[in-house]
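Sequence lines set the chain letters: A, B, ... in the order given, protein chains first and strands last, and positions in each chain run from 1. Hydrogens, waters and symmetry mates play no part in the numbers below; they use all other heavy atoms, side chains included.
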Amino acid sequence: METRDLLIREKLNNVYSEIFEKELIEEIIKVCYFKKIKSGELLINIGDELTHIPLLTEGVVKIIRMENDGDEIALYYLEPGDTCAISFANCIKKERSIFKGIVEKDVEALFIPVNNIDEWIVKYKSWRYYIIDSYHFRLIEMVESIDNLAFLQMNDRLMKYLNGKVKMNNTKDLEITHQDIARDLNTSRVVVSRIIKQLHDDNKIYSTRNKVRVL
DNA sequence: ACATTAAGTGATT
DNA sequence: AATCACTTAATGT
């Protein structure tokens with residue numbers, strides 16, 4: 001059990017030592033469980049009941065909103081230091097998730113049981129602020145998404161999407177298909193292909209099968 | 001060599 | 001910007 005504590009303590013200190021007070025960190029170590037999740041796996045699906053909340057220490061999760069008939073759109077991404085803020089309300093009110101979360105880059109996370117989430121909001125200032133900040137940040141990202149959706153043309157949306165990927169992956173070489181992009185932006189593959197070709201010709205990107213390099 | 005999957009294209013709405 | 005109906009190119013087995 002010692003090694004478990006050490007591992008979790010290290011993971012926490014890497015990302016959360018500045019955010020949480022000491023006593024809270026100790027409590028987290030006591031109640032959380034640590035889990036790795038591989039890229040491509042589902043972290044949470046629409047309709048799932050939430051029993052735990054993940055604090056990411058590694059990797060990226062893509063949060064998607066989905067319509068029944070398969071229509072979907074990528075809303076935002078969770079990175080180390082982030083948590084799925086929206087799930088707090090669900091958690092506390094024992095409702096089901098309205099989003100889908102897919103692991104984009106291998107994830108390591110500490111899972112906190114629902115009960116503690118509630119309790120700590122009263123008990124720890126740092127936790128309270130963390131939750132509020134999370135909400136705030138997600139709201140901003142959501143508004144950004146809406147802005148993009150409402151005001152930008154497809155080619156600008158696509159370019160923003162690619163730039164976002166570059167930032168997250170720390171590389172300008174992306175491994176992605178036109179179909180994948182189309183799915184995230186909720187458009188058709190043909191439209192993406194045409195825009196990609198145009199961006200390629202304008203020397204904004206360099207693209208080959210399964211690959212896009214942002215220039 | 002053949003099948004599968006990704007990407008390109010013209011015409012139409 | 002979306003959809004259809006192809007064609008062409010890249011790839012896996």
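Rounded to an integer number of Å, the gap from CG of A/Leu174 to P of B/dA6 is 17 Å. Look at CG on A/Leu185: it is 11 Å from P on C/dA1, rounded to the nearest Å. The CD1 atom of A/Ile196 sits 12 Å away from the C1' atom of B/dA6 (whole-angstrom rounding). One can place CG of A/Asn210 at 9 Å from C1' of C/dA10, the figure rounded to the nearest angstrom. As rounded to whole Å, 14 Å separates atom C1' of B/dA7 from atom CD1 of A/Ile176. Atom-to-atom, CD of A/Gln179 to C1' of C/dT11 comes out at 17 Å; the value is rounded to the nearest Å. Summarising the geometry, the separation between CG on A/Asp180 and C1' on B/dA7 is reported as 13 Å, rounded to the nearest angstrom. Residue A/Gln198 contributes atom CD, which lies 17 Å from atom P of B/dA7 at whole-angstrom precision.
Applying the side chain to side chain donor-acceptor pair (under 3.5 Å) test to every pair with at least one member in residues 108-121 of chain A, sequence neighbours left out, gives these pairs: A/Lys11-A/Glu108, A/Glu27-A/Trp120.
At a threshold of 4.0 Å, the pair A/Glu49-A/Lys94 does not count as salt-bridged, since none of the basic side-chain nitrogens sits closer than that to a carboxylate oxygen. In this structure, A/Asp201 pairs ionically with A/Lys197, as a charged nitrogen and a carboxylate oxygen lie closer than 4.0 Å.
Scanning both residues, A/Pro54 and A/Leu43, for their nearest heavy atoms gives CG-CD2, 4.3 Å.
Atom CZ of A/Arg65 has more than 12 heavy atoms from other residues, nucleotides or ligands within 6.0 Å.
Centroid-to-centroid, the aromatic rings of A/Tyr124 and A/Phe20 stay 6.0 Å apart or farther.
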Just the atom pairs and distances: protein N or O near nucleotides 2-9 of chain C's N or O, under 3.5 Å.
| unit_1 | atom_1 | unit_2 | atom_2 | d |
| --- | --- | --- | --- | --- |
| C/dA2 | OP2 | A/Thr187 | OG1 | 2.4 |
| C/dT3 | O4 | A/Arg194 | NH1 | 3.3 |

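Between A/His178 and the phosphate of B/dT5, there is no side-chain N or O to OP1/OP2 separation shorter than 4.0 Å.
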